[in-house]
Amino acid sequence: MKLRGDAREIYKTIRKIILEKIRHEEAKKLLDDFTPTSDREEILRRQEYLRKEIEKVSEDVREYIEKIRPIRFRRDYLHDRLLIVSEEEVEEAEKLGLCMVSTEPVEGYDLVLSTTGYGIEVELKPYDVAPELYIMPLWENRDVLEALARLFPGGAAGKILKALQPLEEVMRKKEAIERIEEVIAEEERRLNEVIEEKLERFKLTLSGRDLVEFLKALKSGDVDFLLSKFSSLNDEILEEIRKAEEGISEKLGVYVEVFPREYPIEVSPDIVEGIRRELEKEVKVELYLKSREIVEEILPLLPKLKGEIKRAYELEFFLAVKEFSQGFVFPRIEGGGIGFVEGKNLFIENPQPVSYFIGRAKGPFKGIQEANIVVLTGANSGGKTSLLELTLQVVILSHMGFPVPAKEAWIEPLDEVFFFKRKRAVYGAGAFENSLKALVRSLKGRGKKLILIDEFEAITEPGAAVKILAEMLRIAHEKDFYVVIVSHLGEDLKKELSFARVDGIEASGLDENLNLIVDRQPKFGVIGKSTPELIVERLAKKGKGEEKEILLRVLGKFRNET
Ligand SMILES: Nc1ncnc2c1ncn2[C@@H]1O[C@H](COP(=O)(O)OP(=O)(O)OP(=O)(O)O)[C@@H](O)[C@H]1O
C-alpha cells in the first residue's frame, strides 16, 4: 500500500512508538517485515502469525532477552603463531589468512604449528589453526549463552556452555597473568608490612655470657655465629615470603620465585615482565590445545545457536508488539470500506474512544447513511484532525497486519492512502496552487484509495472553495474512492453533493471558564455546531433584560440556519 502526503509521517510515528519498546537493533529490524501491504492474503498471513506469537510470548522471558547480544566471530590474523607447511601447501595455508606461514622454523613465535612435524601437528583447517577464534567469542559471551540456555532449555547454548567448562582453569590463569603486576604489588606491600611488624616486635635477650661470646665473635668476624642469634627471625621472614609466593602461584597456576630474599622486599619490574612473558607463552599454548579439544564439539552447534539468538530477537519483537497492542483487535479484512468501534488515538494520552466508518454501515452503524464521501465538520479543536489521524492509524496498522486500537474494526485492502494535513500559517497563491496540485494528483488514476483532507478551504475564499471541493469530491465519488474531508463548508457541500454524508463533532457545552466541553464522537449526518454559537448561547443564558433579548435573537439566527 502506498502512503502519500502526510500519511507517511503517521506511519513513521506509529513505527517510532513500537520501536521505542524494543532495545536490540536486530529486533527493531523485524518491524521492516511489516511494511503496509495491499495484499489481502499477506495481511491475513501476518495477522495469523502475530496472533499466534503474541499469545505465546510471555513477560517472563524479558529478563533473559535483555542480556542477549550478538556473538560476533571475527576472522583475525593471529601474530602469535607460525604455521610451518610443505612447499605444496603454502598457497592453501596462506589462503586461510590466519597467521604467518613458512616452510621452515622462524624465531619469535609463541606457538608453532605444523603439518610437517616441526611443532604442534595440525591440519589446514581454520578451526585447527586458530580454534580460539571460535572459542573466545563464546567464552566472552557466557552471560549471553546462559540467558539463551534459560530461554531455550536443552538447546545449543546450554550444550556450548557445558563444552566450555574445561577452559575455566586456563582462563583463570590467563586473567591472573593479565593482572600480574597488581597481584605481585599487592603481595609485596602486604609482605613488607608483616616483616616490618615482626622487626618491631623482635627483641634479642643476651645473658652476660652471651654478650662476651657475642663480642668475641664480632672481633673475630664470625658472621655465622652472629647470624645464628637472629636465625629465628630470619626463618620467620623466609616463611612469610614463601607463603606469599605460594599465594601468587596458586593464582597463576605455576610456582614462581618472585621475591628477593632480603629486606625490604622489592621486586624489579624487569623480573615481573620476564615472568609475565614466560607465563603468557605457556598459557597461550595451553589455551590453544584446550580450544582445539573442544572446538569440534562446538562447531556443529553454532548454526543452532545462531537460530536461538535470532529467535530471542523475535521474542523481543513480539513482546513489544504485545505491549503496544494491549486491548487492540485484529481488524476483519473485507470489502465495503473502513470502520472501527471505540477507536483510541495512539497519539493522545487517555483519549476518548471514537467510533467511525466510511463506506458500508456495519455492526453498530447499521441504519446510518452509507457514504464513500464524508464531510467532517465541527467545533474548533473538536478533534477533527485527531479523528483523521486515528483513521490513518487504524488503516496503516491494518495494512501492516497488526492489531488496531479499537474494540472492533474492518478494513478493505487499499492501494493508496493520502493525507493532506492542514498547513498552518501557509497562505497565499503559492500554497493554494500546491495544495490543489496535490489534491488533483490524488484523484488521478484508479485503484482503491482513501483520501483524507484536513481543511482545504483554509487557503482560499469560501465561494471558490465550495466549487473546487464539490467537483473534486464528485470525481472521487465517480471513481469509488473513499474520502473524508474536514470542512467548515459542510452546509454548502451538502447542498451540492447528495451522495456525501456530513458528520459533525460537537461541543456539548461550555464549562465555567468558557472552555468547550467536546464530545469527540462525531454525530452522523449532522453538521457540527460551531464554537461562536455556543458562546452566544452561554451569554444569552447568563444575560439579563434587553442584553438577553439581543443575544437570544442572534442565537435564533443560528438555529434557523441548521
Ligand atoms: N478522542 C479524543 N480524546 C481526547 N482528546 C482529544 C480527542 N480528539 C482530540 N483531542 C484533543 O483535542 C485537541 C484538538 O484536537 P484536533 O486538533 O484534532 O481538533 P480539530 O477539530 O482538528 O481542531 P481545529 O478545528 O483547530 O483544526 C487536541 O489537543 C487533541 O489532543
Side-chain angles (χ1 to χ4, degrees), residues 5-7 9-10 13-14 16-17 326-329 338-358 364-365 374-397 404-409 418-427 431-432 435 439 450-460 462 465 469 483-493 501-511 513-524 526-535 558 562:
D6 301 305
E9 284 307 310
I10 305 287
T13 312
I14 295 173
K16 201 164 152 252
I17 295 174
Q326 208 76 54
F328 288 19
V329 69
I338 298 133
F340 50 87
V341 178
E342 293 191 29
K344 287 188 182 170
N345 195 315
L346 294 173
F347 306 160
I348 297 173
E349 221 175 302
N350 288 325
Q352 180 193 330
V354 174
S355 304
Y356 207 57
F357 77 103
I358 311 146
F365 303 116
V374 180
V375 181
L376 185 59
T377 65
N380 289 334
S381 296
K384 301 181 293 297
T385 307
S386 302
L387 177 56
L388 295 191
E389 283 181 355
L390 170 60
T391 309
L392 277 161
Q393 290 163 10
V394 170
V395 167
I396 290 171
L397 283 167
V404 302
K407 282 254 170 72
E408 186 189 345
F418 294 79
F419 181 32
F420 300 111
K421 220 172 163 172
R422 180 164 65 156
K423 306 281 183 288
R424 280 173 212 277
V426 179
Y427 291 93
F432 172 66
S435 301
L439 203 52
L450 169 68
I451 305 167
L452 303 173
I453 308 160
D454 200 354
E455 282 201 32
F456 178 74
E457 78 263 18
I459 46 180
T460 180
L469 284 182
V483 180
V484 181
I485 176 164
V486 168
S487 175
H488 289 302
L489 305 168
E491 198 88 26
D492 303 294
L493 289 171
R501 188 178 75 221
V502 180
D503 300 333
I505 294 181
E506 288 199 319
S508 56
L510 298 152
D511 65 17
N513 301 318
L514 278 188
N515 289 326
L516 289 173
I517 303 166
V518 185
D519 181 5
R520 311 288 178 187
Q521 173 59 51
K523 293 202 165 60
F524 296 103
V526 171
I527 294 174
K529 266 200 249 174
S530 65
T531 324
E533 179 188 350
L534 277 161
I535 295 171
F558 274 111
T562 45

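Residue indices begin at 1 and follow the sequence shown. Hydrogens, waters and symmetry mates are skipped; everything else that's a heavy atom, side chains included, is used. Whatever order the structure lists them in is the order used to number ligands and atoms, beginning at 1.
- Not one N or O of Asn350 is nearer than 3.5 Å to an N or O of ligand 1, by distance alone.
- The distance from ligand 1 to the heavy atoms of Ser386 drops below 4.0 Å at these ligand atoms: 8 (N), 9 (C), 15 (O), 16 (P), 18 (O), 30 (C).
- Of all the heavy atoms of Ile348, the ones lying under 4.0 Å from any atom of ligand 1 belong exclusively to the side chain.
- Both the backbone and the side chain of Gln352 come within 4.0 Å of ligand 1, counting heavy atoms alone.
- No donor-acceptor pair under 3.5 Å is formed between the side chain of Gln393 and the backbone N or O of Val404.
- Checking side-chain atoms of Asp503 against main-chain N and O of Pro522 turns up no donor-acceptor pair under 3.5 Å.
- Put simply, no part of Asn345 is less than 4.0 Å from ligand 1, judged by heavy atoms.
- Checked by atom type and distance alone, the side chain of Asn345 never pairs as donor or acceptor with a backbone atom of Pro351 at under 3.5 Å.
- The option with the heavy atom closest to atom 22 (O) of ligand 1, from among Val518, Thr385, Val354, is Thr385.
- Residues forming a ring pair (Phe, Tyr, Trp, His ring centres under 6.0 Å) with Phe328 (at least two apart in sequence, or on another chain): Phe324.
- Short contacts between ligand 1 and Pro351, defined as distances under 4.0 Å to a heavy atom of the residue, involve ligand atoms 3 (N), 4 (C).
- When the side chain to side chain donor-acceptor pair (under 3.5 Å) test is applied to Lys407, the partners found at least two apart in sequence or on another chain are Glu342.
- Using a 4.0 Å cut-off to heavy atoms of Gly383, the atoms of ligand 1 that qualify are 8 (N), 9 (C), 15 (O), 16 (P), 18 (O), 19 (O), 20 (P), 21 (O).
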